[in-house]
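By convention in this document, chain letters (A, B, ...) are assigned in the order of the sequence lines, proteins followed by strands, and residues within each chain are numbered from 1.
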There are 2 protein chains.
Amino acid sequence: MSSNELIKIFLSEDVGAPAYKVVRALAERGSASAIELSRHTGLAKSTMSALVAELKDASVIIEPEPSKDARASSRGRPAVQLSLNPQAGTSVGVLPGPDFIGIALVDAAHGIRDERSVEIKPNYSVDQGVEAVAELVQQAYAATGLQRETLLGVGLAMPGPFNHRTGVMLRSTLLPNWVDLDIGAHFAKRFDVPVIADNESNCAAIAEMTWGAALGQQDFLYAKFDEGVGGAVIVDGRVLRGALGAAGEIGHFMVDPDGPLCTCGSRGCLEAMMRWDAIVRPARALFGENITFPQIAGRAQEGDPGCVRLISDAAAAAGRALAGICAVLNPPLIVVGGRYVLAGEVFLRAMQESFDRHFHIRDQTDGGSVTPIVAGTFSNNRDSTLGAVGLVLREKPFTRSA
Amino acid sequence: MSSNELIKIFLSEDVGAPAYKVVRALAERGSASAIELSRHTGLAKSTMSALVAELKDASVIIEPEPSKDARASSRGRPAVQLSLNPQAGTSVGVLPGPDFIGIALVDAAHGIRDERSVEIKPNYSVDQGVEAVAELVQQAYAATGLQRETLLGVGLAMPGPFNHRTGVMLRSTLLPNWVDLDIGAHFAKRFDVPVIADNESNCAAIAEMTWGAALGQQDFLYAKFDEGVGGAVIVDGRVLRGALGAAGEIGHFMVDPDGPLCTCGSRGCLEAMMRWDAIVRPARALFGENITFPQIAGRAQEGDPGCVRLISDAAAAAGRALAGICAVLNPPLIVVGGRYVLAGEVFLRAMQESFDRHFHIRDQTDGGSVTPIVAGTFSNNRDSTLGAVGLVLREKPFTRSA
């Protein structure tokens, strides 16, 4: 059966096989020409054309119809783009939230086919979460007409520092019952496919690389400013995980040694200065007990001076922290996600100005910033859920079903 | 001729060829067993044994006599270690200092065969530097009996931020006449071999990976505390260079926004707080006009309270900066070089304590530091000169002779 052939190659242990290399390169990129595939896999062009023909015959890869735009705009003959067969391979991404569970169903050609979520009682167990996900997954396949048998793997976006070596979440205020457990094994038992989990900020960065503001970028810093502060470091197209899976934790970058106490036990961490609570508390005196962070962000964008000040002070701290981080990483781009972005330019411009003031390289021939800071494409939790799918498409599994 | 065969493979453009992969893997590692080479190159074991036999016949690789220790200590038959033929390939590393030039001559099996230097008048030109290096290189080959024809390449350790894409040093207080020039081309013209240049802190990190405290480490942070402050980030065995070649510039990590002015135009950079001048100035009031940094470091190690305070305050700032950097990188190890290490534990322990206080992950089952900070093996300028040789052995040339 053709669908089996794609799955067989995708899950093969023979990582040196030419078919494996081509399937994995396409899974990561969504689409590519045969010439690009030669470059990415290191396979000779002659080998590649024979292999492509063979994989087409087996319905593993397809040659999608070029769009009218592409045909109209191209000078000469455009390079034929190849994709994995979207009918033959699908992936599911899962975000287990504090009181909801979200999933996304994506085909092997990177088509986002279904996104849905369900409410769940807080402090739910892993097994309760697994059952809720199974229900959502069934609904998603039914709604799209895709085949459940094409499932290549399940990705999990974990709301806490996740050690990819042990497969265990170190701590989490949102999902306390999920800490210190082999979560992948619980999911693998139910789904009988490889399961890959990672920290949700790493997932968000992968979503931006796969579909969003960092499409095609091999190196960038991702920063998420939401209820808490997180981030990810992308080097050479890969998420940097670090010795304990804690790389990219920009929330615990210390900005002020005399600053407010942080949940981690340090003082003056960026998260301690920027988490919603630190913004909402002082705002209550001016705007009443019921003011929320999204309201403050909205009012800042409308020009309310007090809200502008709260957001721009936070942005200045963020810009300083990012400048320190970039002194060490020197990425060509910073992508910013999370709901601070709701404050728009009030937040982004103040952060860029603070960054440029503190970053040690200022000269740029075209007068622009040496390190541009841009808003990510995805907001709310969509980035983590989609990025969890990206884990399946881009990473070798850390945990596998037996 | 056998020597030509090694050079031919090492400098080949056919980077997918099995022989190229084996030669480059050995150049990087110094020695490895056939099984390790299979793992590193992805070549099948059967392919490997035929290839090894062939390369031995061509005198490209050798099987060195195991040391007596290795024979005595090994249980069962030890894996045979292979090396490149040290008679057939050699590399030269160069450190152009402000008033001296140092070189090292190393064979392809990583044997350090000769190190020498010569004084030179400050503000010398690149071409004057090239001539002085040529003279030193000739002396080194004559002293060792090695053949000049075996030279695989020349590595240059540059005392300033170096853009590896353009081959140009952006700025340098020590070598002002070398800024904004294609330095590699000047050297390549004289030596007729590939020339590779990089920032001297990156070179120092490579020296620690190749011969020193980071031997076998694939990921670590390198920090150099000397007259100035520099560093390097090693990810997956590679130096992270960044968009402008400025990755690893931990000297411009901002510690205090109200701190002293830095040469880069920011305030409170780590370098502004730690460079020798910032330590020596306040020491003059207590110890006289002629006190030097190495004297302060020595007195601190002997317990002089004022010198201990100066060094440990600097160490505390360094520990804070490293904790911030590690919140983002989470490396398993920090290696420290430069002449601050002359102050010994006064410096290292104060830095580790400050780091542990500010780093957000504290739990470690064995009670040790989550991120150990260790002194590097090489002091003074030896690290940069040897690391420049490491550039030749580990990196593809950025600049080549015509």
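Put simply, OG1 on B/T371 and CG on A/L244 are 7.0 Å apart, with the number rounded to the nearest 0.5 Å. Taken to the nearest 0.5 Å, the CD1 atom of A/I361 stands 8.5 Å off from the NE2 atom of B/H252.
Side-chain contact between B/C262 and A/H360 is absent, with no heavy atoms from C-beta onward closer than 4.5 Å. In this structure the side chain of B/V328 never reaches within 4.5 angstrom of the side chain of A/V328, judged on heavy atoms.
Within a 6.0 Å sphere centred on CG of B/L261, heavy atoms belonging to other residues, nucleotides or ligands number more than 12.
When heavy atoms are compared at a cutoff of 4.5 Å, A/R357 approaches chain B solely by way of its backbone atoms N, CA, C and O. Of the atoms belonging to A/L329, heavy atoms from both backbone and side chain fall under 4.5 Å from chain B. Interface residue A/A246: backbone and side-chain heavy atoms are both found under 4.5 Å from chain B.
Chain B forms more heavy-atom pairs under 4.5 Å with one residue of A/A243, A/C269, A/G242, A/P332 than with any other, namely A/A243. Ranked by heavy-atom pairs shorter than 4.5 Å toward chain A, the options B/C264, B/A247, B/A323 are led by B/A247. Top candidate by heavy-atom pairs under 4.5 Å with chain A, chosen from B/G245, B/P257, B/P331, is B/P257. Chosen from A/V15, A/V255, A/L240, the residue pairing most often with chain B at heavy-atom distances under 4.5 Å is A/L240. Among B/R267, B/R238, B/M254, the residue making the largest number of heavy-atom pairs under 4.5 Å with chain A is B/M254.
What you find for B/A327 and A/F253 is that their closest heavy atoms are CB-N, 4.1 Å.
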Exercise. Could you give me the CA-CA distance, side-chain angles and deciding distance for A/I325 and B/I325, then say whether side-chain contact (heavy atoms from CB on, under 4.5 Å) is met?
Key: CA-CA 6 Å; A/I325 293 164; B/I325 293 164; over 6 Å; no

